[in-house]
Amino acid sequence: ASAGDTQAGPRDAADQNFDYMFKLLLIGNSSVGKTSFLFRYADDSFTPAFVSTVGIDFKVKTVYRHDKRIKLQIWDTAGQERYRTITTAYYRGAMGFLLMYDIANQESFAAVQDWATQIKTYSWDNAQVILVGNKCDLEDERVVPAEDGRRLADDLGFEFFEASAKENINVKQVFERLVDVICEKMNESLEPSSSSGSNGKGPAVGDAPAPQPSSCSC
Amino acid sequence: MDEEYDVIVLGTGLTECILSGIMSVNGKKVLHMDRNPYYGGESSSITPLEELYKRFQLLEGPPESMGRGRDWNVDLIPKFLMANGQLVKMLLYTEVTRYLDFKVVEGSFVYKGGKIYKVPSTETEALASNLMGMFEKRRFRKFLVFVANFDENDPKTFEGVDPQTTSMRDVYRKFDLGQDVIDFTGHALALYRTDDYLDQPCLETVNRIKLYSESLARYGKSPYLYPLYGLGELPQGFARLSAIYGGTYMLNKPVDDIIMENGKVVGVKSEGEVARCKQLICDPSYIPDRVRKAGQVIRIICILSHPIKNTNDANSCQIIIPQNQVNRKSDIYVCMISYAHNVAAQGKYIAIASTTVETTDPEKEVEPALELLEPIDQKFVAISDLYEPIDDGCESQVFCSCSYDATTHFETTCNDIKDIYKRMAGTAFDFENMKRKQNDVFGEAEQ
């Protein structure tokens with residue numbers, strides 16, 4: 001679906017064990033629970049202590065939706081959100097985002113607009129975003145009413161969930177919904193003449209595993 | 001920021017980001033800062049296009065015909081990666097390949113007598129090329145066979161040449177090659193910028209030609225690769241590597257002072273705070289009083305609405321104008337990429353002509369290249385001083401990189417990186433040093 005005859009290095013056969021591959025990104029302020037959310041979803045585990053994200057590039061999980069095997073590559077920020085130094089390269093090729101804030105942290109909610117702008121600026125036009133108010137188990141410490149979250153999501157044109165990685169509330173649902181909206185969007189844009197998504201993947205350099213099989217090989 | 005680090009890195013150019021990644025992967029505590037609000041310094045790709053116009057004081061901004069500004073990522077320094085070169089090796093060892101997509105550059109051309117020709121580098125291409133006459137072709141083919149078979153560890157392959165003492169001039173003489181063939185061999189295959197190599201021992205040149213051929217053999221069309229979205233993706237990829245291994249990043253961070261005690265660096269002051277460190281890495285712009293000028297390069301960024309003539313409508317290519325062909329001491333280069341690399345709006349091409357400055361009228365020096373590019377929609381002219389550190393940093397523990405030179409690949413940059421590593425670590429650089437030390441990809445996959 002892509003670079004045509006400039007394509008070099010045949011893709012590993014093992015990599016073909018899926019119908020689609022979606023690159024998803026987690027984004028939002030420090031300590032809103034992005035990494036915990038990822039671990040809860042991918043491993044069904046939770047570590048309460050706050051450890052700033054080090055040592056995680058991305059997690060891989062294959063899901064079955066609508067009779068398709070979809071390989072999710074879920075990327076973490078590598079801690080670069082702390083001083084707002086996320087690389088623009090991080091956004092390339094992402095098909096979906098979980099934009100997260102902490103319902104017990106006003107600042108993280110106030111930053112949502114900013115993150116949304118970053119997404120709009122650096123990702124492709126069809127990228128799908130879900131706004132997630134995390135830590136909804138902390139009802140006593142809540143400073144962001146669910147209604148505010150929903151209103152902001154409406155304004156930005158995103159879907160909205162409140163969730164808790166700690167109590168495992170809505171975690172799976174958020175990811176499944178994101179996968180579904182990406183699939184819906186993909187089907188829409190698969191009308192002939194659409195070229196979005198297949199932005200010319202080049203050769204896999206050397207023998208390294210090709211990390212991003214054509215994200216829209218359908 | 002008020003903390004103690006092993007290494008502080010100033011500037012997020014490619015050299016600094018690769019070193020930062022190596023240091024973090026090896027367990028050093030790294031603080032990496034840049035005074036600019038974006039990554040990459042001189043090695044960034046400027047986006048949106050409006051920023052490029054601003055940078056070059058073209059206040060009217062891009063016309064509508066340039067399309068959407070954010071579709072552009074314009075390199076300031078034109079370079080390609082040699083497919084079999086050291087930077088690709090670094091990308092593979094660090095697995096920074098995960099973050100990037102590459103395309104093969106479609107063609108490599110050389111200038112002769114006002115026209116451009118495809119660079120022949122295999123026996124078959126040499127025989128098909130119209131760059132040489134019949135007899136010349138045969139001699140050149142023999143030479144290529146000699147180079148391909150040459151193995152510096154096997155004297156049987158030397159054919160009477162002593163790699164350590166025979167000059168390249170004598171090797172050319174041995175194969176009876178004419179001036180035009182010598183020109184494109186030395187400049188378009190061995191990628192020398194001047195003719196100084198002719199009287200040096202031939203080993204280096206022979207190995208350079210081998211690198212070219214082996215790089216070419218990887219993907220067929222040319223020995224060069226280029227990353228989608230521009231070269232600015234490279235430093236960012238290594239910055240992510242550094243961050244995954246604990247490196248702290250700060251952009252938009254002015255550096256007020258580098259603090260020295262007894263001639264040795266102890267920290268960096270920024271916005272009233274001091275971060276302490278044992279070693280410092282930086283680009284020349286952070287320590288203007290510890291670097292010296294080592295020449296000048298002119299680079300003219302040209303936006304075109306057409307592929308370059310006589311390149312078979314290639315959407316990317318390199319053209320080398322050997323110095324002899326235009327009565328100069330150093331070569332002129334053209335690197336062209338296009339919308340096919342997500343660096344320009346649909347239908348647009350970016351060609352950067354560059355050379356080492358030799359006269360007081362550098363723009364005129366590049367004219368032979370610009371003539372190949374006409375009509376040019378917009379030109380951006382940059383004349384940059386090249387700097388190098390005045391000392392090796394071993395005493396001050398301040399390790400400064402060299403400016404990006406006029407070469408069109410990253411081999412000299414990689415040499416600088418390896419050399420700085422050696423001075424910092426006290427042991428020779430080994431690509432193995434760059435390997436990730438722990439698993440950082442999780443999940444059920446086949447990793």
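Note that the structure is predicted; figures quoted are calculated from it, not measured. The sequence lines fix the lettering, A, B, ..., with proteins before strands; numbering per chain opens at 1.
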Taking the side chain as everything from C-beta on, heavy atoms only, tell me whether B/Phe80 gets closer than 4.5 Å to B/Ile337. yes
Test ring-ring contact (aromatic ring centres under 6.0 Å, His included), reference A/Trp75, set A/Tyr91, A/Phe22, A/Phe58, A/Tyr90, output is A/Phe58
Heavy-atom distance under 4.5 Å between the side chains of B/Leu14 and B/Leu87, does that happen here? yes
Indicate yes or no: at least one non-hydrogen side-chain atom of B/Leu228 is less than 4.5 angstrom from one of B/Lys103. yes
Write out, in numerical order, the residues from residues 239-248 of chain B with a heavy atom short of 4.5 Å from a heavy atom in chain A. B/Ala239, B/Arg240, B/Ala243, B/Ile244, B/Tyr245, B/Gly246, B/Thr248
Does any backbone or side-chain atom of B/Gln438 lie under 4.5 Å from a heavy atom of chain A? Answer side chain, backbone, both or neither. side chain
Okay, B/Asn73 and chain A: the region with an atom under 4.5 Å from a heavy atom over there is side chain
Identify the two heavy atoms, one from A/Met21 and one from A/Met95, that lie closest to each other, and give their separation to 0.1 Å. O-SD, 3.8 Å
Heavy-atom distance under 4.5 Å to chain B: side chain of A/Ile74, backbone, both or neither? neither
B/Ser108-B/Tyr212 side chain donor-acceptor pair, cut-off 3.5 Å: yes
If one checks every heavy atom of A/Asp76 against chain B at 4.5 Å, the contacting part turns out to be backbone
Between B/Ser20 and B/Tyr249, is any side-chain donor less than 3.5 angstrom from a side-chain acceptor? yes
Name the region of A/Thr77, side chain, backbone, both or neither, that has any atom closer than 4.5 Å to a heavy atom of chain B. backbone
Can A/His66 and A/Asp180 be counted as having a side-chain donor-acceptor contact under 3.5 angstrom? yes
